[in-house]
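Quick caveat, the model's predicted, so the values are computed rather than measured. Chain naming here is simple, since letters A, B, ... match the order of the sequence lines and numbering starts at 1 in each.
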Amino acid sequence: MLKIYNSLSGKKEVFTPLNEGHIGMYVCGPTVYSNVHLGNCRTFMSFDMIFRYFKHLGYKVRYVRNITDAGHLVDDAEDGEDKIAKKARLEKLEPMEVVQRYTVDFHSILQKFNFLPPSIEPTATGHIIEQIEIIKDILEKGYAYEINGSVYFDVTKFNEDHAYGKLSGRKLEDMIANTRELTAQDEKKSPQDFALWKKAEPQHIMRWPSPWGDGFPGWHLECTAMSTKYLGDTFDIHGGGMDLKFPHHECEIAQAEASNGRSPVNYWMHANMLTLNGKKMAKSTGNSLLPGEIFSGDNAILSKAFSPSVVRFFMMQAHYTSILDLSNDALLASEKGFHRLMDALQILKSLESGKNSDFDVTSWKQKCYDAMNDDFNSPILIAHLFEAVKHINAIKEGRESISEADKALLEATISSFVFDVLGLENKSESEAGTDKLASVVELLIQMRKEARDNKDFATSDKIRDQLAEMGIQLKDGKEGTTFSVS
RNA sequence: GGCAUCGUGGCCGAGUGGCUAGGCACAGCUCUGCAAAAGCUUGUACAGCGGUUCGAAUCCGCUCGAUGCCUCCA
């Protein structure tokens, strides 16, 4: 029985999909006006893991994650400028050049992190017509008004017969009480109202024709248009970063309820933020890291480069609803733990099975599922994986044994959780996996053994130390010497 | 200022009204020519102050602090 923490109710709820065996999931994707933010990666990674687990359980999942390539305003005021258009103006590029450049960056980073591609990755600009249709609908229902070629959602009107603020726990009256005075020339009736369609000023490059004149859609609308188009008026899961809860997701609910009278989403899921050295990431203070800067080591914050798998493992060690703090020490610790896990996986392959098992693999497997079924508790899953690591090492040293059947079950289970669900990759294995390197190292190991047998420790240590410098670590064990590549 | 989430041992991080999280680091031991790796052993922590309770770190209140949103920043 799978339980999910639903942000809408504030409780863990038993997950029941609308259609048995099928899941519709929408996650708000990036606005492609700059390199993808590391915190953003964490959010997407959490949902990648969730997507993977659903698939692992055998669900047919339609996972929609959009690309925002228009409509995300720099601010919601009268002079609101589209983020893409602004960047294009600053860099003297065509807006679509900006979109293309950062979409490519986004995909390449996600690929390094071993993300599964979503089922559909729609763009806002590809769904202008759908957005216009929804605006027409909302206007007809009386929850929006047109003024000077722009259309705004009438939050006050909507709140009369719906609950605006139910997701974020806000009350409209409180919001009004806490709002600063309107800028003098604001055309909105109330500061809480938000744009469904913005009139394009003559100099504005990104523009589309509409019944209200040339303009562009509001940011909140695209997600409503694309999610309902591909997943239906009501669908199972809507996810995104905690920062999107208000106003973005709140507005999505309002738009959907205004146009078709029904709550659009059964389970709202929000991934929590990533901090850096205990503080929020912000370019302005220098407390900021790009994913690429972690992989290359080219940054002033970390002592060395870390592989995407290590970063992924680090993130999977925290629950997706907790704030996670990234630091050099934390990554160093994760790197060691990650290698220990990967080494154990390697050892498992060559383990000799015995008559009986000292390790109850079946109940261990159940505990792994219990952890994941409890709101995707990946840190608990990882704790269980390390329990298996202990047993694997004990079996290797002959202190415990495992039956043929249990060994096969353990191998299948652990690799499906590590690789399929958590999405980790054993990079060192694939690099060391080239047979030639392996046989060269085996040769060196053999030569070192001969030197050691002859008590020629100068030679044996030279082999060991020089290989270590190349990142190849020799490990002497009871059954001989093995190696790992870092 | 308002709303929200949270505050756990040296570090990162789970969890929970009474029973071992886990990883990393540290120390001792085993193994080793010496190391490394691996294994074993050791840590009584839960922001502070009150309250509820037979019993709270876990529930309630207040205080302090962090993060998010309310305002451009994921």
Side-chain angles (χ1 to χ4, degrees), chain A residues 7 10 28-31 34 36-44 72-77 80-81 83 86 165 167-171 174-180 191-192 240-250 270-275 278-285 288 313-314 317-319 321-341 343-344 347 371 374 377-387 389-390 392-394 396-400 451-453 455-457 460-461 464-465 468 473-478 481-484:
Chain A
S7 306
C28 295
T31 303
S34 69
V36 63
H37 187 108
L38 188 62
N40 227 172
C41 288
R42 184 193 178 201
T43 298
F44 299 138
H72 194 167
L73 298 181
V74 169
D75 64 61
D76 209 11
E81 188 175 12
K83 281 185 174 179
K86 183 183 177 191
L167 178 65
S168 53
R170 287 158 208 247
K171 289 196 165 60
D174 297 343
M175 283 187 254
I176 292 167
N178 283 305
T179 311
R180 288 159 209 182
Q192 279 67 44
M242 200 73 104
D243 52 330
L244 299 181
K245 207 170 179 182
F246 187 89
H248 185 56
H249 292 331
E250 203 70 74
H270 290 95
N272 218 139
M273 301 294 109
L274 181 72
T275 56
K279 298 208 175 83
K280 73 164 173 169
M281 287 197 213
K283 273 180 212 156
S284 52
T285 61
S288 165
F313 180 74
F314 163 75
Q317 272 185 300
H319 189 78
T321 56
S322 301
I323 293 176
L324 173 63
D325 186 48
L326 185 141
S327 65
N328 196 244
D329 286 350
L331 282 178
L332 247 20
S334 286
E335 185 172 54
K336 289 212 171 188
F338 176 67
H339 286 315
R340 188 160 163 245
L341 178 63
D343 287 350
I347 291 164
D374 184 17
N377 202 325
S378 56
I380 294 290
L381 170 66
I382 289 172
H384 292 324
L385 294 178
F386 277 105
E387 192 193 328
V389 168
K390 281 199 176 204
I392 289 167
N393 287 322
K396 178 195 165 203
E397 296 194 346
R399 287 180 291 110
E400 289 184 15
R452 290 175 73 198
D453 288 345
K455 305 241 185 283
D456 179 7
F457 297 123
S460 69
D461 287 354
R464 181 176 74 195
D465 296 343
Q473 193 195 28
L474 299 186
K475 297 171 185 175
D476 296 327
K478 282 230 160 44
T481 302
T482 56
F483 71 98
S484 68

Distance in angstrom units between Phe314(A) CZ and rG13(B) C1', rounded: 9 Å
Donor-acceptor pair, distance only, cut-off 3.5 Å: does the side chain of Gln317(A) make one with the backbone of Ser334(A)? no
Quick check on rA14(B): is either OP1 or OP2 less than 4.0 Å from any side-chain nitrogen or oxygen of Ser322(A)? yes
Distance between P atoms of rG22(B) and rG43(B) (Å, rounded): 12 Å
Check: Ser484(A) main-chain N/O paired with Gln473(A) side-chain donor or acceptor under 3.5 Å: no
Could you tell me how far rC49(B) sits from rC6(B) if I compare only their P atoms? Round to whole Å. 22 Å
Regarding rA35(B), can its base be found pairing with the side chain of Asp476(A) as donor and acceptor, where the two atoms are less than 3.5 Å apart? yes
Separation of rC73(B) C1' from Lys83(A) NZ (nearest whole Å): 7 Å
Looking at the side chain of Met273(A), which of rG39(B), rU67(B), rA14(B) is the nearest nucleotide? rU67(B)
Nearest whole angstrom, please: distance from the C1' of rG23(B) to the CD1 of Ile382(A). 9 Å
I'd like the P distance from rA56(B) over to rG18(B), given in whole Å. 11 Å
For rG68(B) and Arg170(A) - does any side-chain N or O of the residue sit under 4.0 Å from the phosphate oxygens OP1/OP2? no
Determine: side-chain N/O of Arg464(A) to OP1/OP2 of rC34(B), distance under 4.0 Å, yes or no. no
Distance between the P atoms of rU63(B) and rG28(B), in whole angstroms? 48 Å
Judged by nearest nucleotide, the residue sitting upstream toward the 5' end of RNA chain B, Phe246(A) or Gly39(A), is Phe246(A)
Looking only at the side chains, is there a donor atom on one of Asn272(A) and Thr321(A) sitting less than 3.5 Å from an acceptor on the other? no
Provide, to the nearest angstrom, the distance between the CZ atom belonging to Phe338(A) and the P atom belonging to rG22(B). 21 Å
Is there a side-chain contact (heavy atoms from CB on, under 4.5 Å) between Asn393(A) and Val389(A) once you walk through the steps? CA-CA 6 Å; Asn393(A) 287 322; Val389(A) 168; 3.5 Å; yes
Using OP1 and OP2 only, check whether a side-chain N or O of Arg340(A) sits under 4.0 Å from rA37(B). no
Considering only heavy atoms and no angle criterion, is a donor-acceptor pair shorter than 3.5 Å present between the side chain of Asp453(A) and the base of rG33(B)? no
Phe386(A) on top of rG23(B)'s base, within under 5.5 Å and under 30°? no
Gap in Å between the two P atoms, one belonging to rC19(B) and one to rA35(B), rounded: 41 Å
Roughly how many Å apart are rG13(B) and rU67(B), using the P atom of each and rounding to a whole number? 14 Å
Considering just the side-chain nitrogens and oxygens of Lys336(A), establish if one lies under 4.0 Å of OP1 or OP2 belonging to rA25(B). yes
Count the heavy atoms of every other residue, nucleotide or ligand shown that sit under 6.0 Å from NZ of Lys171(A), and state whether that count exceeds 12. no
Nucleotide paired to rU67(B) in any strand shown, Watson-Crick or G-U, under 3.5 Å: rA4(B)
P atom, rA25(B) versus rC11(B): distance in rounded Å? 15 Å
Arg399(A) has an atom CZ; how far is it from atom P of rC31(B), in whole Å? 14 Å
Among rG22(B), rU67(B), rG33(B), the nucleotide that comes nearest once only the side chain of Ser460(A) is considered: rG33(B)
What integer number of Å spans the P atoms of rG10(B) and rC26(B)? 16 Å
Measure NZ/Lys280(A) against P/rG65(B) and give the value in whole Å, please. 18 Å
May I have the distance from Leu381(A) (atom CG) to rG22(B) (atom P), rounded to whole angstrom? 15 Å
Calculate the interatomic distance between His339(A) atom NE2 and rA38(B) atom P; express it in whole Å. 11 Å
Counting only side-chain N and O atoms of Asn272(A), is one of them less than 4.0 Å from OP1 or OP2 of rU67(B)? no
